[in-house]
Amino acid sequence: MELAHPSLTRTGWLRQRDTFDWLYAAALVVGAIVALVHYHEFMDVYDDLVLILHVPVLIFIGWYWKPFRPYLAAVAALSLCSIWLYQGDLQRAEQVFFLKYLISSQTAIMWMSALYFMATGAYWIGLLARSEFGDKTGSALVWIGTAMGTAGLFVRWFESYLLGPEIGHIPISNLYEVFVLFSLMTALLYLYYEQRYDTRRMGAFVMVVISAAVAFLLWYTFSRGAHEIQPLIPALQSYWMKVHVPTNFIGYGAFALAAMLGVAVLLAERGILAGRLPAVKVMEDVMYKAIAIGFAFFTIATILGALWAAEAWGTYWQWDPKETWALIVWLNYAAWLHMRLTKGLRGAVLAWWAVIGLLVTTFAFIGVNMFLSGLHSYGSL
Amino acid sequence: MQRSTAKALFELLSSMRFAISLLTILAIASVIGTVIQQNQPFNAYLNQFGPFWFPVFEKLGLYSVYNAGWFLVILAFLVLSTSLCIVRQSAPMLREMRSYREHAREVSLRQFAHQAELPAGRPLAEQRERVDAYLAHTGFRARADEREDGVLVAAKQGSLNRAGYFLAHGAIVLICIGGLLDGNLPLKVQMWLGGKQTTTGNQLIADIPASARLGENNWSFRANLFIPEGRSANVAVLSVDDGILLQELPFTVSLKKFHVDHYENGMPKRFASDILVTDDETGESFEHTIEVNHPLTYKGVVMYQASFEDGGSLLKLTGHNLLRDVADEPLQLEGRVGDTLRLEHPRYDYALELTSFSAFNVEDMGSGEDSATGVDRLREHLGSGAARTDSGRDLRNIGPSFTFKLRDEAGQAREFQNYMQPIERDGRWYLYTGMRETQAEPFRYLRLPVDEDGRIDTWLAIQRWMFDPARRDVLAHRMASASFGDDPSVAPMRDRLVETASHTLALFSERGYETVGRFIEASVPAAERERAADVFVKILQGLVWEAWMMARVDAGLPALEINENRAAFLRDTLAALSDSLFYEAPLYLQLTGFEHLQATVLQVTRSPGKPLVYLGSLLLVLGVFAMLYIRERRLFVLLKHQGAGLVAMSSNRKAIDVDEAFQRHAEALSALLAPDSGEGRTDPTATR
Ligand code: HEM
């Protein structure tokens, strides 16, 4: 008998790919090859390897989450355009209009900041006025802001090499840079959930934490001049930094997102904005998903940090304040997951816990640097 | 122990509630160690907490929380609890992983949250075939149970989720054990069982007794190896509580050269030690360069670039006398960092401890201010991230400096920091010398203005003139003559000025501007003080000028004309004279030459637990991902000879994606089993 029912036709993942999927993949492969050839002299074996590994990862993300592709294309276009306008001369950041006011690193990051603020406003209008237009505007602004910010970081990376080949390094080495990274990670995670759960109403809350980060970033730029590209001190000249820091910020971003959903859940449970927000069940689910992905990546990040410490300081773990607080954050979310998954706990307690979790995380992220001394502030060498 | 108590204890220790409490307690306990700085010298704590709390906190082990008994006990409980949890869960979990629950009864399936009717109409065999194909296609493994009225196909996927549990929790046990092996515990055990005892740090290595030495086959240690350039070492030092232990190494390390490279802006770029390692047994040797982030492993010992220090640099010093009534020639001294020299003099007796030397000092000499406002401010922050000078920052290498302590006969010491080269501030050049009473204070700097030759000799000569009571009158007379001329008709006014000048100088010689100011406050009405102060300053400047000119006469040099530059020098000189009265040293030690000798500090470790910890980490990641992202799902398809079948689904997680998955499967199966379905147009699996 025939079993040619469509439910049963072999519909492997690869078989389901359409032309765009393949074009996207091809573009990434070509891009990687060009980069390998073009920037060969600046890269070592690890760089080559990481670049090559990025290709399948990005292909996977783009296939799994379609809107990622135009975003990536925009980032590539902006970055390349900026690099091309520089023509190898840093001074041109002051002279060329497009660089000065659009796509030099700091300008792009300023645009990101402005767009994120506007997006926050738009989402709130959308939420309060039940306006789909507001929601959609918010969403679009976050996308554009994220593309600008990402391009800003890439251009900054390039600029650091223009300052001098020995100064050049990936822009994730100081508080300014990681705050940009944090905003971008949180925004991307949010955008993913927005699409996955098909609701834009969580944006109003999530964008609040991103705006707070951006506000800090601006204060830090204007009052402390934190934006200046500085060369790397010896301890940071390690491959581990490049993997440890971004992994960490997937974790931080996810935890921040979860906490904002916690706030939304708490409000909705008290009847505030309840009719406007997505169902509590949905928000709780997103909160769980965020904490799960955050926990998984934070686990990896902490381990990578330990591997790095083993190489730089001679011990994989020595209860340095930053390490210790990472452990505290980790234990906290482990307990959270146990409560939800094995005790079946839901509702206000978990939501509060996620909110408090963000306070703990924030302390681990900046509080430790500000209030406690340790190796991470790198005083001894 | 009673069986039932043992059981209750087991239940408690392996319970989730206990585990969560432990995680919370561990988190809170960890905080303490981040608030109180760990492993500092004991007298730092004594200063911080006072004599009452210091011993209390010591007893509680708060100065080394993570090695404290109680902390290790908490960790041990976590290991125990997690292990017992694994033991307790393993039987039911393995059963779950293996079973298909193909004997589930229809009534219980009907109580599932996720269940739906399936269309009837096709013969059972055909239904079965279609369902089997579907399940295989969607990644389920299935087992069937024939019943009277039909068949139950029990399928499941994602059983590895449970394996994740074992991986992750087993990993935690592994990591904790590995960590214990690398921690302080092995050392503590050796101290108890092996009778090892710490000793004090201030003795020659050769004199340290065997009871404070750990053998070279010690399998777990972390110690510091200090080697000055051109020397070798084969014993490392461990700081334990308030004493030290020596760790003998199976090889000798010689430091050929230590490198510190800087970026253009003065930030450190590279720390590296060129070393020669010689095996003590075979005598074989090899060269290597250890850098930060690039350790070396030899004979199971890993060596890291941990820090660097001065290795006993040779300092050449000139001591300029600051005593007002002593006309000593400058003193020539030479000593190495770490040495203590004796400063003997009829008027004083100091121990001069040369404490440190640094060949580079990169300081921010900018104003730190950024003057732009409004839109300009924003415009400044557009563009590249390259450093711009308008940020008010100005990093500069201001040359070598050294620090020393002067300890008097009573044992009281003051600390000093002197820079070798003049430093520019607002267009003028000074030699900086800092002083502080205790380590907790910042240095207060005395800025000695340098003359046109870049030397402080002029200032010193002026100082001697100004502060010598015997020469006060000469200066006062000269100054008065300069103001009024030698005409006898103005003699009374001149004499009054001589008196005032002499009095002012006497006041100034006591405590500088402070005594002058106090005198003004006491004798001049408030409204006129400002004007009076101006007058006093004018007089003092006149006196300094005369002192300068007299000093030139002494040196056989011609007199000078006053000009802008010299007026500024006068003001600086006067300020430095006033400040020098608070400078509690009988001489100013000028660094005139040095031979830089550095020392590297390598951390040397053997960590037997490392492989365990790394393996545990890998398993932990695999386990966490398996637990969180492999979804265990069971699909039950009850097919009947007659009538509607049933599809039900269960999962060990409650989440929205379970609802969605059920929806998808139920729809697909309904479509497959529908009597009219041959080759339908829609493809339920194609949409997610
Ligand atoms: C540092 C300690 C621990 C960490 C980091 C940790 C981590 C985790 C994580 C991340 C999960 C995943 C959540 C899930 O999928 O259920 C989990 C599950 C679980 N944990 Fe732990 N755990 C720890 C200690 C313990 C202890 C001591 C117990 C014993 C009571 C325990 C019992 C469980 C159980 C029963 C599950 C559910 C497994 C399942 O249903 O698949 N955990 N743990």
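Keep in mind that the numbers below use all heavy atoms, side chains included, and drop hydrogens, waters and symmetry copies. Note on naming: letters A, B, ... go to the chains in the order of the sequence lines (proteins, then strands), and numbering restarts at 1 for each one.
Between A/L327 atom CG and B/L26 atom CG the span is 6.0 Å, to the nearest 0.5 Å. A distance of 11.0 Å separates CG in A/D320 from CD in B/Q38, rounded to the nearest 0.5 Å. Here the CG-OG distance, from A/L163 to B/S384, works out to 7.0 Å after rounding to the nearest 0.5 Å. Interatomic distance, A/M339 CE to B/R17 CZ, rounded to the nearest 0.5 Å: 8.5 Å. Atom CD of A/E323 sits about 11.5 Å away from atom OG of B/S30, to the nearest 0.5 Å.
Among the candidates A/R156, A/E166, A/R340, the residue making the largest number of heavy-atom pairs closer than 4.5 Å to chain B is A/E166. Ranked by non-hydrogen atom pairs under 4.5 Å with chain B, the options A/K281, A/Q237, A/R92 are led by A/Q237. Most heavy-atom pairs under 4.5 Å with chain A, from the set B/L602, B/V65, B/V31, B/V260: that is B/V31. Counting heavy-atom pairs closer than 4.5 Å to chain B, the top residue among A/Y176, A/Y197, A/Y316, A/Y239 is A/Y316. Taking A/I109, A/I167, A/I293 one by one and counting their heavy-atom pairs under 4.5 Å with chain B, the maximum is reached by A/I293. Between chain A and the residues B/T24, B/T605, B/D182, the largest count of heavy-atom pairs under 4.5 Å involves B/D182.
Between the side chain of B/Y263 and the main chain of A/Q230, no donor-acceptor pair closer than 3.5 Å is present. For A/Y101 (side chain) and B/L382 (main-chain N/O), no donor-acceptor pair under 3.5 Å exists by modelled atom type. Using modelled atom types, one side-chain atom of A/S104 and one backbone atom of B/G383 make a donor-acceptor pair closer than 3.5 Å.
Checked against side-chain hydrogen bond (donor to acceptor under 3.5 Å, both in side chains), B/H294 has no partners two or more places apart in sequence or in another chain.
By the 6.0 Å contact criterion, CZ on A/F154 is open, its count of non-hydrogen atoms from other residues, nucleotides or ligands being 12 or less. In this structure, A/D198 places its CG atom where only 12 or fewer heavy-atom neighbours from other residues, nucleotides or ligands lie under 6.0 Å away. Counting heavy-atom neighbours within 6.0 Å of A/W63 CH2, excluding the residue itself, gives a total above 12.
The nearest pair of heavy atoms linking B/A27 to A/L331 is N-CD1, 4.0 Å. What you find for B/V624 and A/A296 is that their closest heavy atoms are CG1-CA, 4.0 Å. Listed here is the closest heavy atom pair of B/I20 and A/A335: CD1-O, 3.9 Å. Residue A/P234 comes nearest to B/P268 through the heavy atom pair CD-O, 3.4 Å, listed as atom of the first residue, atom of the second, then distance. The nearest pair of heavy atoms linking A/A292 to B/Y629 is C-OH, 3.6 Å. Nearest heavy atom pair, residue A/E311 against residue B/P295, reads CG-CD, 3.6 Å.
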For residues 299-309 of chain A, run the donor-acceptor check on the side chains, cut-off 3.5 Å, and write out each pair with its distance to 0.1 Å, sequence neighbours left out.
unit_1	atom_1	unit_2	atom_2	d
A/T299	OG1	A/F295	O	2.6
A/T299	OG1	A/W330	NE1	2.9
A/T302	OG1	A/F298	O	2.7
A/W308	NE1	A/S238	OG	3.4
A/W308	NE1	B/N293	OD1	3.2

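Contacts of B/S617 with chain A are made by both backbone and side-chain atoms, with heavy-atom separations under 4.5 Å. For B/I656, the parts lying under 4.5 angstrom from a heavy atom of chain A are both the backbone and the side chain. Proximity to chain A is limited to the side chain of B/D659, based on heavy atoms less than 4.5 angstrom apart. Interface residue B/R222: only side-chain heavy atoms are found under 4.5 Å from chain A. For a residue to count as touching a neighbouring chain, one of its non-hydrogen atoms must lie under 4.5 Å from one of that chain's; by this rule A/Y86 touches chain B with the side chain only. Proximity to chain B (any heavy atom under 4.5 Å) is shown, for A/A310, by both the backbone and the side chain. Neither the backbone nor the side chain of A/S82 comes within contact range of chain B, judged by heavy atoms closer than 4.5 Å. Residue A/V282 touches chain B through both its backbone and its side chain, counting heavy-atom pairs closer than 4.5 Å.
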- CA sep, side-chain torsions, deciding dist, call: A/W313, B/V292, side chain to side chain contact (heavy atoms under 4.5 Å, CB included): CA-CA 8 Å; A/W313 301 331; B/V292 177; over 6 Å; no

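Proximity of A/I233 to B/K269: side-chain heavy atoms (C-beta onward) are nowhere separated by under 4.5 Å.
Relative ring orientation between A/W319 and B/Y66 is described as parallel, the plane-to-plane angle staying below 30° on a 0-90° scale split at 30° and 60°.
The residues B/E660 and A/R196 are annotated as salt-bridged, a charged nitrogen and a carboxylate oxygen being separated by less than 4.0 angstrom.
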